[in-house]
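Residue numbering restarts at 1 for every chain, and letters A, B, ... go by the order of the sequence lines.
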There are 2 protein chains.
Amino acid sequence: MLTSLERPKTLKETSLERLREAITMGYFLPGERLVERTLCEQLGVSRTVIRECIQHLESEQLITVVPNAGPSVATLNPHEVQEIYEIRTMLESAAIASCAAIASETTVATLEAYCDKIARSLLDHDIKQALVDTRMFYHTIFSEGEKWVAWDLVERLNGRIGQLRAVTLSSKGRSTAGPRNLRAITAAIKQQDPDTAAEACAKHLQQAMTIALNELQKPKEDVLDG
Amino acid sequence: MLTSLERPKTLKETSLERLREAITMGYFLPGERLVERTLCEQLGVSRTVIRECIQHLESEQLITVVPNAGPSVATLNPHEVQEIYEIRTMLESAAIASCAAIASETTVATLEAYCDKIARSLLDHDIKQALVDTRMFYHTIFSEGEKWVAWDLVERLNGRIGQLRAVTLSSKGRSTAGPRNLRAITAAIKQQDPDTAAEACAKHLQQAMTIALNELQKPKEDVLDG
DNA sequence: TTTTTGCATATTGTATACCATCATACAAAA
DNA sequence: TTTTGTATGATGGTATACAATATGCAAAAA
């Protein structure tokens, strides 16, 4: 019996995924030094594989490599975060507007289902699941509008602010405000109202950015306290 | 005497630049297979370095890597090209509008100088120089607005349509229309008129996209002819 | 003739060993 | 206190080896 017809993943692929996850989920701290040999042992692969992963992560700007000194986890400054949210606003607003103009009923139903699921996850404090489903919510929207290039960019930008997003989602009051915004977006799409949908998106991201920028300050205070 | 205080570039860096240039300038054809050993000999470096470059280029989507079959130069379909120009329009319009709101006189003077230089290069059919200076024109605008993340995205998107851009610039009638558009953008920035500036940008890119999409059809006809 | 099978070859994925150079931290000397 | 060595460890880069996979081509079958 055939249990899997999929191509087996290469070691580089799986290692890359694990490293990416470790960085975006905050397992490695911003600025933390990544030593090749250590990563080899932790992932059980050769230096060859690790070095290839490092090139990928560098290109994705999840890590910074200074020649002869090696890679470390990328750090974000407030200006970068602000810019990332600005660009996300442009890309996501446009995608949502496109989607609103053409969305089928099944798509709207899918979006509504994700809204419910996300709200439940947040009530259960299951942040990780909420992140996954939020991603799927947007993925549905970008797919409907066939915005594949834009989706790719959004994913990369989100990767860079991954650490912040987790905290943003779990932030105080966000467990109700977030889903409320997503429902507003969904409602506007349902009514085929591109402008309202785009505006709801912009408002949503504006709120998220404010929280993220606040979050970015906190760690510094911790250092000063200690 | 010290002739250079700069850090010497690593082999990976120079190799990557050369490969990127070779692809974006069309030295390698879209879809063409890239064999590691061959690249090693052509660049005079080891397989390790080439493989690291491949990771970078894959992440930049200049090449496509299928496991166990190796890398080949990425191909573009019309939908992707259209999307890339759409996104460029968003990012560049926004940057230009920001720039228009704050631009200093020296910046405007710099932009005007680039417009002249580009026009001259095009009259001399020096496409490569025109591309370089067009890049600098936009770089000036994004720098003025401190849009570094956006600039990075624009550069990557431009890399993907590099082959098309060269032909677009040298296209019939483009040697006057292109600079005229850039001058319109510059003029609007000079008058601190963000809306007009953004609109001029959108119009410019709309024209460029039309030419690029036409260009994308041509090679197929060649195949049919042969 | 056309299609299928099977094999030889080329290429990739991965590991390992090696070395020169560079960075860093720490000890010694000024 | 500042400077200078110096030891250690990490990186940039090379070479080599080998299994697994892909590809092209020839032989066999239809």
Side-chain angles (χ1 to χ4, degrees), chain A residues 2-23 28-75, chain B residues 2-23 28-75:
Chain A
L2 290 175
T3 56
S4 167
L5 292 175
E6 295 136 33
R7 167 183 59 77
K9 280 186 183 171
T10 63
L11 279 183
K12 187 216 94 187
E13 286 175 305
T14 55
S15 302
L16 181 57
E17 283 168 18
R18 294 219 286 162
L19 285 174
R20 196 164 17 217
E21 163 110 358
I23 294 172
F28 294 125
L29 298 179
E32 183 175 343
R33 187 77 174 58
L34 299 175
V35 179
E36 292 178 4
R37 311 266 191 195
T38 310
L39 297 177
C40 292
E41 289 161 15
Q42 289 178 337
L43 296 186
V45 295
S46 74
R47 228 183 122 201
T48 308
V49 173
I50 291 296
R51 288 180 68 171
E52 289 182 3
C53 291
I54 287 175
Q55 299 304 318
H56 247 279
L57 296 171
E58 182 188 19
S59 183
E60 294 174 22
Q61 290 169 288
L62 293 180
I63 65 177
T64 308
V65 178
V66 17
N68 296 316
S72 35
V73 178
T75 61
Chain B
L2 290 175
T3 56
S4 167
L5 291 175
E6 295 135 34
R7 168 181 60 77
K9 281 185 182 171
T10 63
L11 276 182
K12 185 214 94 188
E13 287 174 308
T14 55
S15 303
L16 181 56
E17 284 169 17
R18 290 178 59 186
L19 285 174
R20 196 167 15 219
E21 163 110 356
I23 294 172
F28 294 125
L29 299 179
E32 183 175 344
R33 187 76 174 60
L34 299 175
V35 179
E36 293 178 4
R37 308 268 192 198
T38 310
L39 297 178
C40 292
E41 288 160 16
Q42 289 177 336
L43 296 186
V45 295
S46 73
R47 229 182 123 200
T48 307
V49 173
I50 291 297
R51 293 199 117 234
E52 288 184 342
C53 292
I54 287 175
Q55 300 305 318
H56 258 274
L57 295 171
E58 181 187 19
S59 180
E60 295 174 22
Q61 290 168 287
L62 293 180
I63 66 177
T64 308
V65 178
V66 16
N68 295 316
S72 35
V73 179
T75 60

Problem set entry | Over all atoms of both residues, closest heavy-atom pair of B:Ile63 and B:Ile54 | CD1-O, 3.5 Å
Seminar exercise, completed: Per-nucleotide protein contact along nucleotides 11-24 of chain C, 5' to 3', at a 4.0 Å heavy-atom cut-off (B base, S sugar-phosphate only, - neither), is SBBBBB-B---SS-
Exercise. What's the shortest heavy-atom distance between A:Val49 and A:Lys12, and which atoms?
Worked result: CG1-CA, 3.8 Å
For this session: Considering non-hydrogen atoms only, spot the tightest contact between A:Cys53 and A:Ser15 and give its length.
Result: SG-CB, 3.7 Å
Seminar exercise, completed: Shortest non-hydrogen pair, B:Ser59 vs A:Glu60, comes out as OG-CG, 3.8 Å
Exercise. side-chain contact (heavy atoms from CB on, under 4.5 Å) between A:Leu57 and A:Leu16: does it pass, once the steps are laid out?
Worked result: CA-CA 8 Å; A:Leu57 296 171; A:Leu16 181 57; 3.7 Å; yes
Problem set entry | Any residue meeting side chain to side chain contact (heavy atoms under 4.5 Å, CB included) with A:Ser72, in chain and number order, not counting sequence neighbours | none
For this session: Go through DNA chain D in 5' to 3' direction and return only the first and the last nucleotide with some atom under 4.0 Å of chain B's heavy atoms.
Result: D:dG12 to D:dA22
Exercise. Which atom pair, heavy atoms only, marks the closest approach of A:Leu34 to A:Leu39?
Worked result: CB-CD1, 4.1 Å
